[in-house]
2 protein chains.
Amino acid sequence: MITDINTVFANKMDGKELTVRGWIYRHRVGSAGSMVFAVLRDSTGVLQATIKKDKVDEKSWTDASEAYVESSVVVSGTVKKDDRAPGGFELVVDKFETVCKGEPFPIAKDLSEEYLLDVRHLWIRSQKLTKILQIRSTVIQSIHDFFRGRGYTLFDPPILSPNACEGKMTLFEVQYFQDKMYLTQSWQLYAEAAIFALGKIYDVAPTFRAERSKTSRHLAEFWMAEMEAPWMELAEVTEVAKDEIKFIVEKVLEKHEEDLKFLGRDVSKLKTVVSKPFPTITYSEVLKILKEKEGMDIKWGEDLRTIEEEKVMTHFDTPVVVTNYPVEIMAFYKPEDKKNPKTALCFDMLAPEGYGEIVGGSQRSLDVEDMKKRLAKEEGNPDDYSWYFDLRKYGSVPHSGYGVGVERVVRWLCGSENIKDAIAFPRTMNRNKP
Amino acid sequence: MITDINTVFANKMDGKELTVRGWIYRHRVGSAGSMVFAVLRDSTGVLQATIKKDKVDEKSWTDASEAYVESSVVVSGTVKKDDRAPGGFELVVDKFETVCKGEPFPIAKDLSEEYLLDVRHLWIRSQKLTKILQIRSTVIQSIHDFFRGRGYTLFDPPILSPNACEGKMTLFEVQYFQDKMYLTQSWQLYAEAAIFALGKIYDVAPTFRAERSKTSRHLAEFWMAEMEAPWMELAEVTEVAKDEIKFIVEKVLEKHEEDLKFLGRDVSKLKTVVSKPFPTITYSEVLKILKEKEGMDIKWGEDLRTIEEEKVMTHFDTPVVVTNYPVEIMAFYKPEDKKNPKTALCFDMLAPEGYGEIVGGSQRSLDVEDMKKRLAKEEGNPDDYSWYFDLRKYGSVPHSGYGVGVERVVRWLCGSENIKDAIAFPRTMNRNKP
């Protein structure tokens with residue numbers, strides 16, 4: 001029977017004999033060559049083990065004293081309370097078996113970010129990346145649980161698409177037998193077809209945008225959690241988005257408070273997010289705040305840049321929903337708000353602390369002629385969208401949807417500097433290996 | 001308050017006033033133009049509604065009598081027990097509002113398969129496809145629940161890969177900024193890196209193979225549910241696969257027995273699957289069965305073709321795990337079974353009733369020199385895999401994994417003739433629209 005390392009740290013474990021298996025995290029030979037101090041790691045945590053030369057057999061001593069960092073091992077011993085050990089307990093070893101000694105591990109301290117990306121397949125073993133990837137797993141589980149709990153059906157969109165959804169500039173082209181196809185930029189057009197069959201739907205799926213910007217917020221391949229619902233208008237869909245984000249933060253705090261602290265995250269800021277309602281304001285109100293409180297004069301009609309999003313969010317300690325951006329700068333499927341002309345029935349959700357946009361969504365236009373005109377302006381070919389326009393021709397209903405950037409949420413929750421750390425194998429303009 | 005249609009069919013609903021919304025499924029004007037019989041559908045089911053001209057206002061009558069199939073509607077009325085109505089209840093309408101009348105729906109009976117694929121964005125509204133897609137959603141939910149229940153962490157692999165995993169023949173090439181990349185054929189190589197950090201992992205993700213075969217079993221874009229676990233050998237991983245498949249069938253039966261019957265599925269065959277253990281046999285035993293019981297003489301060393309898989313499965317009424325295929329015809333990462341030379345520590349799971357392979361997996365080779373030799377035979381370049389071989393260099397451990405073909409399982413459970421019906425927007429060599 002093998003014990004997970006994280007279950008060792010409890011008073012009732014003191015004196016228990018057990019076996020753990022994993023990898024050497026730190027290794028030091030001490031006491032004039034008669035003792036080895038090894039920190040073992042598995043996916044659940046780290047545990048200090050002490051091996052005394054005169055207390056173990058010869059094979060165990062050889063294995064323990066010659067092991068490298070990242071050698072794989074199976075270790076048996078007795079748990080002992082020891083306040084000096086990390087976590088307050090250590091393992092006094094009876095038997096130490098190296099499964100694969102291997103070679104000296106190439107990752108030490110103070111290596112460049114680029115080198116660590118080159119050896120990403122090894123670097124993900126670091127405590128930092130392991131914990132972030134575990135939090136990511138919980139984020140995605142929470143998304144499934146949230147939507148399942150509300151009666152949504154999972155709908156997988158096609159990844160290979162003959163159409164652009166978010167503009168031709170960021171398309172990746174695929175040689176598809178004799179044809180050209182594109183990697184999906186969003187599930188949206190297909191999701192709009194599926195709601196007529198399945199009702200409220202959601203998915204978590206990979207998404208691709210050939211972003212040329214080298215920011216800490218953009219990946220070329222990322223995962224989006226999207227939802228789409230018939231009979232739903234803007235006011236309702238923004239509330240669903242708020243509930244979803246709050247649900248995710250709650251679940252991550254429940255399960256990963258210690259991990260977040262390890263990552264240096266100020267957990268109190270996330271607790272504030274859970275405890276307070278998220279405001280909804282309009283784009284015009286954002287401009288007003290920027291002008292009155294920050295002295296920034298943004299012309300109505302311009303898109304908000306990172307700096308403006310950051311500045312306005314210094315006045316909030318929860319995510320904020322911003323609605324009614326200028327319709328002129330919005331994608332063709334975001335309809336004008338007839339009650340607030342020149343603005344669209346759309347929204348973004350901005351995260352606090354400068355983490356920027358984490359959700360984007362809208363009510364969907366039902367006006368085919370208007371969409372065709374706007375597509376033409378975006379240099380899209382309306383003929384490519386004839387199947388999409390069919391959805392307005394046969395039993396059209398008001399509907400809305402949004403997408404959550406999974407890595408953006410993970411980055412915000414973990415307080416990571418760069419979005420690359422929110423995914424195991426990042427893909428950007430300058431990074432496609434391993 | 002809106003009522004889901006599937007909640008109407010219960011005795012306690014008799015006499016209740018309620019509102020449903022959805023689309024017209026069938027429509028007929030009867031009784032010399034004084035009555036409309038409409039069947040309404042939403043994502044949960046269908047309900048017969050009767051509209052009498054002298055019992056509703058003029059607008060309701062106009063809307064009801066002029067509606068097309070697939071017009072979107074909101075309908076209020078009183079539930080009435082009526083044994084002639086499908087499901088035993090009908091809605092006697094007080095108010096009928098057409099939200100979008102639209103145009104006459106282009107799908108009627110007896111249309112060709114190709115036409116129905118051309119209008120797939122509309123055809124998914126059919127009762128058949130809606131139910132299959134709902135079952136698919138349950139299959140995927142079950143996969144998440146199964147692995148979460150066993151402490152697995154979700155790990156998202158990169159979709160864009162610089163490497164081939166399952167042979168160069170079926171790769172889709174992507175123009176990635178200035179480079180060429182490939183769409184993933186399997187998460188496996190990356191998953192093997194991730195188990196060192198995360199332990200037992202799983203995912204459900206899109207997978208791409210440029211299959212040129214026009215069979216009812218192959219898609220160019222499909223979803224695979226994969227798992228990988230450290231410290232796990234072949235005997236254990238085959239049991240995990242059996243437990244997973246049994247779990248999925250159980251959950252689908254629990255939730256969708258009526259849907260399966262609607263699809264014409266013989267549900268008793270699936271109940272048999274749940275009630276009995278799945279056998280494990282070897283490839284050599286398959287040849288023996290084929291020879292002794294079917295008079296088919298397959299030369300040891302040849303791969304099993306569809307016809308052979310079908311023939312051997314006529315002797316079983318549950319899925320069967322087949323292990324120890326000839327190592328010669330296996331991918332480079334499947335190790336030889338030292339106890340059964342010339343065979344590999346690998347397995348497939350075959351579904352009963354001729355549905356073929358639904359799972360494929362193996363223990364993973366730890367022998368870099370052997371893998372390099374075999375890669376070279378497959379015309380792979382070992383240099384491309386240097387990062388993968390690193391995993392054997394630093395703390396290697398025995399490990400195993402497998403992939404479940406989501407559409408293959410859905411097809412089997414639903415008893416669908418073609419795998420195209422197990423996904424919303426199928427992609428094959430000859431089909432990439434809409």
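Numbers restart at 1 for each chain; the letters A, B, ... are given by sequence-line order, proteins then strands.
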In terms of heavy-atom pairs under 4.5 Å, which option from [options] contacts chain A the most?
options                                : value
B/Gly151, B/Ser126, B/Ala210           : B/Ala210
B/Ala193, B/Ala424, B/Ser396, B/Gly22  : B/Ser396
B/Gly199, B/Cys100, B/Pro426, B/Pro157 : B/Cys100
B/Ser72, B/Gly102, B/Ser71             : B/Ser72
B/Met181, B/Arg212, B/Gln178           : B/Met181
B/Ser43, B/Ala67, B/Ser137             : B/Ser137

Interchain contact, [X] with chain B, by part (heavy-atom threshold 4.5 Å):
X        : answer
A/Asp118 : neither
A/Leu183 : side chain
A/Pro434 : both

With a 4.5 angstrom heavy-atom cut-off, is it the side chain or the backbone of [X] that approaches chain A, or both, or neither?
X        : answer
B/Pro158 : both
B/Val73  : backbone
B/Pro104 : backbone
B/Met429 : both
B/Ile201 : neither
B/Ile159 : both
B/Arg427 : both
B/Thr428 : backbone
B/Trp387 : both
B/Asp179 : side chain
B/Tyr68  : neither
B/Ala194 : both
B/Gln141 : both
B/Glu221 : side chain

Checklist line | Top contributor to chain B contacts, counting heavy-atom pairs under 4.5 Å, from A/Ile124, A/Asp156, A/Val174, A/Leu198 | finding: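 Highest number of pairs under 4.5 Å: A/Asp156.
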Margin query: Taking every non-hydrogen pair under 4.5 Å, which of A/Lys433, A/Arg392, A/Arg136 racks up the most with chain B?
Written below: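 The residue among A/Lys433, A/Arg392, A/Arg136 with the greatest pair count is A/Arg136.
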Check the side chains of [Y] and [X] for a donor-acceptor pair under 3.5 angstrom, ignoring hydrogens and angles.
X        : Y        : result
B/Arg148 : B/Tyr202 : yes
A/Thr44  : A/Asp42  : yes
B/His399 : B/Glu192 : yes
A/His121 : B/Tyr190 : no

Check ion pair [X]-[Y] (N to O, under 4.0 angstrom):
X        : Y        : result
A/Glu228 : A/Lys200 : no
A/Asp390 : A/Lys393 : yes
A/Arg21  : A/Asp4   : no
A/Arg120 : A/Asp421 : yes

Margin query: Measuring from atom CG of B/Leu122 to atom CD of B/Glu70, what distance do you get when rounded to the nearest 0.5 angstrom?
Written below: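 Here the interatomic distance stands at 8.0 Å.
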Which class fits the ring pair [X] and [Y]: parallel under 30°, tilted 30 to 60°, perpendicular over 60°?
X        : Y        : answer
B/Trp231 : A/Trp23  : tilted
B/Phe155 : A/Phe425 : perpendicular
B/Tyr388 : B/Tyr385 : perpendicular

Item checked: A/Phe146 and A/Lys251, any side-chain heavy atoms less than 4.5 Å apart ->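 A side-chain contact under 4.5 Å is absent here.
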Check: Is there side-chain contact between A/Leu160 and A/Thr184, with heavy atoms separated by less than 4.5 Å?
Finding: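 No, every pair of side-chain atoms sits at 4.5 Å or beyond.
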Note to self: Between A/Phe172 and A/Tyr182, is the ring pair (Phe, Tyr, Trp, His ring centres under 6.0 Å) condition met? List the steps.
What the structure shows: CA-CA 6 Å; A/Phe172 283 117; A/Tyr182 305 102; over 10 Å; no
